[in-house]
Amino acid sequence: MALGAVTAGAVAAAGLLTTAGTAHAASTLGASAAASGRYFGTAVAASHLGEAQYASTLDTEFNAVTPENEMKWDATESTQGVFTYSAADQIVAHAQAQNMKIRGHTLVWYSQLPGWVSGLSASALQSAMDNHITSLMTHYKGKIYAWDVVNEAFQDGGSGARRSSPFQDKLGDGYIEHAFRTARAADPNAKLCYNDYNIDGINAKSTAVYNMVKDFKARGVPIDCVGFQGHFNSASPMTSDYQANLQRFADLGVDVQITELDVAGSGTAQADSYTKVVQACMAIQRCTGITVWGITDKYSWRSSDTPLLFDGNYSKKPSYTAVLNALNGTGTGATNGGTSSGTSSGTSSGTSSGTSSGTSAGTSSGTTSGTSSGTSSGTTSGTTSGTTSGTTSGTTSGTTGGSGGSGCSAVFASVNAWTGGYQAQVTVTNTSSSTISGWKVAWTQPSGSTIASLWNAVQGTSGSQTTATNAPYNGQLAPNASTTFGYVVNGGTPTPPPTLTCTTN
Ligand code: XIL
């Protein structure tokens, strides 16, 4: 398994452009995903492994597993200091025998947490958390591809605030960082993920997580991946900015993984949603794998929603075929909406490998932290402390630029730069006295540089100019209100900044 993890990483880094239209489309989910260096996994319950159809469907179709409950705190340390691994061990042994990747889920979470944990004092809780992380990661050392180190630490809604939990309430904001550092020390070869739900699209909660990850990368806090749970239903549908959201995280220099996918519904509507999710992952080089939250509808945690790929009799549903086709690059029906998907899928998979490794290696000191403080105001409620001090003046001067236009202004800032590329953030402000319903920013992209991906706006061209038109969700701006969009450039420097022209639509 250790070998498998290394190999998969190398394959992922080598590029994933060989997917579309392969002559020999694979016929199982796992093999189809593997053709592009990805995995296709499922949540597994140890108690069902003895059911022949359950095990045979698992072994035939999937090449990764996540224990659905067996590694959670209540299952592994229901009494302080007494560790129980038997159920999780069963899943790990099964997965290893089948050469499957294993996602460890989860080390620090407010839910399925035994009562004794919430009764501890701050210092005792800190020790208990460290001991829990270290014990589990040591027990499974070398066997886990990626751990969900911290799960669901942010609140729903528009605040972008942390969720109340024993960890948050007693240890403060720093507990997440501390957990990741402890995890890195325990098993340096496991990828360390932050995992959450309702962060699938661009919203206040996902932006709060985004800012945390950006801060972690800037300060060298070890984080390798973000898990997007992907529990979709009519109350929490998949949104058209799904791919752009995953891409903006990938552009920070972390892998993105879809970790608990299930979609309420049936028939074509359900299949189309699955297609969109899989196509989005396939279009992002750093989207390294997809896990569905169960094999069969009959054992789903939301069984009445029939959200999975196999029905209660293990028959393949239309959603299964949709996923298989999308993994093989032969999906047709659904699109990701808007024009940006076409642009980014082609360029981002080919180009971002160079930029992302460069990002994490070379750019985290200095420029990132400084500029983010200057540019993210307005979108960033509650940015973590530690990022804003120090370096603003050095980086913003020389990398900001902008100009008015008619009714709106656009200000350019470089939020990250490395040898061979940079990441830009443009702040669009309504400078008129009435609400505007749309905007367009135009600039000339210097020859020799290309835009690898652009998010929070729709990329286009107008003559020799590159344009970015508002996305459906950020066109409307009240007087003086601002929004931002971002893009990654390969082959250029952010100095001098481009001259931007903003016009209202
Ligand atoms: C769920 C399991 O599927 C259920 O069996 C259990 O009763 C509750 O937890 N987010 C997560 C998962 O991170 O661990 C949850 O799994 C689903 C929501």
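Just so you know, these numbers use all the heavy atoms, side chains as well, and skip hydrogens, waters and symmetry mates. Counting starts at 1 for both ligands and their atoms, following the listed order.
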Ligand-protein N/O pairs under 3.5 Å (ligand 1):
unit_1   : atom_1 : unit_2 : atom_2 : d
ligand 1 : 3 (O)  : Glu68  : OE2    : 2.4
ligand 1 : 3 (O)  : Trp293 : NE1    : 2.9
ligand 1 : 5 (O)  : Glu68  : OE2    : 3.3
ligand 1 : 5 (O)  : Asn69  : ND2    : 3.0
ligand 1 : 9 (O)  : Lys72  : NZ     : 3.2
ligand 1 : 9 (O)  : Gln112 : OE1    : 3.2
ligand 1 : 10 (N) : Glu152 : OE2    : 3.0
ligand 1 : 10 (N) : Gln229 : OE1    : 3.3
ligand 1 : 10 (N) : Glu260 : OE1    : 3.0
ligand 1 : 13 (O) : His105 : NE2    : 3.2
ligand 1 : 13 (O) : Asn151 : ND2    : 3.0
ligand 1 : 13 (O) : Gln229 : NE2    : 3.4
ligand 1 : 13 (O) : Glu260 : OE1    : 3.3
ligand 1 : 13 (O) : Glu260 : OE2    : 2.7
ligand 1 : 14 (O) : Lys72  : NZ     : 2.7
ligand 1 : 14 (O) : His105 : NE2    : 2.6
ligand 1 : 16 (O) : Lys72  : NZ     : 3.3
ligand 1 : 16 (O) : Trp293 : NE1    : 3.3

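Legend: residues meeting salt bridge (Lys or Arg N to Asp or Glu O under 4.0 Å) with Lys141, ordered by chain and number and at least two apart, are absent. Under the side chain to side chain contact (heavy atoms under 4.5 Å, CB included) criterion, Gln476 pairs with Thr435, sequence neighbours left out. Judged as a side chain to side chain contact (heavy atoms under 4.5 Å, CB included), and not counting sequence neighbours, the contacts of Ala64 are Tyr39, Lys101.
With Val292 as the partner, the side-chain contact (heavy atoms from CB on, under 4.5 Å) test is satisfied by one option alone out of Thr42, Asp262, Thr66: Thr42.
Both tests hold for Lys205 against Tyr197: distance to the six-membered ring centre under 6.0 Å, angle to the ring axis within 45°.
The aromatic rings of Tyr487 and Phe485 lie parallel to each other, with less than 30° between the two planes, well short of the 60° mark.
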